[in-house]
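Data first, discussion second: the structure below is written as structure tokens.
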Amino acid sequence: MRKLLTISILTAFTCSSAFAQPRYTMGNDPVTLTASETDPCSYGVIAQLPPESAIDVYPGPSTDLEPIGQLAEAHPVWICETSNDSEMVGIVYSAFAGNDSEPAEDCGVSSPVAEDIDYLEPCESGWIMAEDVELLAG
């Protein structure tokens, strides 16, 4: 019985990690919250888009990567990082927008952080083209 349990656990671990996308490989680059005395992120919204269109969200600062999501016009985002070439920004966002371009949940990026940390939760994060976001505060 013990041997069967060990094999089951090992199999479950091996199968689940085969489908997980590694965070630091193949261009993936988590959004980093930078330590400072001010909030680590600025507040903005997805800029004006053509009707019924959306922008892609990427797992790293490159449009060569496979998109991990999409955001529509006026969706609120927190802008936390800029790519080395300033073409893309690392954002944190709630999967669901609230009313009047207000976020639907607190993503935990409105207070200073003591050290640089990769953003992991509770909201989504990724990279978008800098031209697709309009800065509102910060």
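Given the structure is predicted, the values throughout are model-derived calculations rather than measurements.
Distance check: Tyr119 OH to Thr32 OG1 gives 13.0 Å after rounding to the nearest 0.5 Å. In this structure, CG in Asp116 is found 9.0 Å from CD in Glu81, a value given to the nearest 0.5 Å. The CD atom of Glu52 lies 12.0 Å from the CD atom of Glu73; values are rounded to the nearest 0.5 Å.
When all heavy atoms are compared, the tightest approach of Pro59 to Glu66 is CD-O, 3.3 Å. Heavy-atom minimum distance, Cys80 versus Val92: SG-CG2, 3.8 Å. Closest approach of Ile68 to Gly126, counting heavy atoms only: CD1-CA, 4.5 Å. Taking all atoms of both residues into account, the shortest heavy-atom contact from Pro61 to Met88 is C-SD, 3.2 Å. Taking all atoms of both residues into account, the shortest heavy-atom contact from Leu49 to Ala72 is CD1-C, 4.1 Å. The two atoms that bring Pro122 and Cys107 nearest to each other are CD-O, 3.6 Å, heavy atoms only.
Side-chain atoms of Val133 and Ile55, non-hydrogen and from C-beta on, never get closer than 4.5 Å to each other. Between Thr63 and Tyr58, the closest side-chain pair of non-hydrogen atoms falls below 4.5 Å. Using a 4.5 Å heavy-atom threshold, the side chains of Val77 and Ile46 count as touching. Put simply, the side chain of Ile79 does not reach to within 4.5 Å of the side chain of Cys41, judged on heavy atoms. Counting only heavy atoms from C-beta outward, the side chains of Thr34 and Pro40 never approach each other to under 4.5 Å. When side chains are defined from C-beta on, Leu71 counts as touching Val57, because their heavy atoms get closer than 4.5 Å. Using a 4.5 Å cut-off on side-chain heavy atoms (C-beta onward), Val89 and Ile128 make contact.
Shown here are the side-chain hydrogen bond (donor to acceptor under 3.5 Å, both in side chains) partners of Glu87, two or more places apart in sequence or in another chain: there are none. For Ser83, the side-chain hydrogen bond (donor to acceptor under 3.5 Å, both in side chains) partners two or more places apart in sequence, or in a different chain, are Asp85.
Taking the ring centroids of Tyr43 and Trp78, they lie under the 6.0 Å cut-off.
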- Message: Test side-chain contact (heavy atoms from CB on, under 4.5 Å) on Ile91 and Trp127; report intermediate values, then the result.
- Response: CA-CA 6 Å; Ile91 61 165; Trp127 294 82; over 6 Å; no

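Remark: the backbone N or O of Ser94 is not paired with any side-chain donor or acceptor of Glu124 at under 3.5 angstrom.
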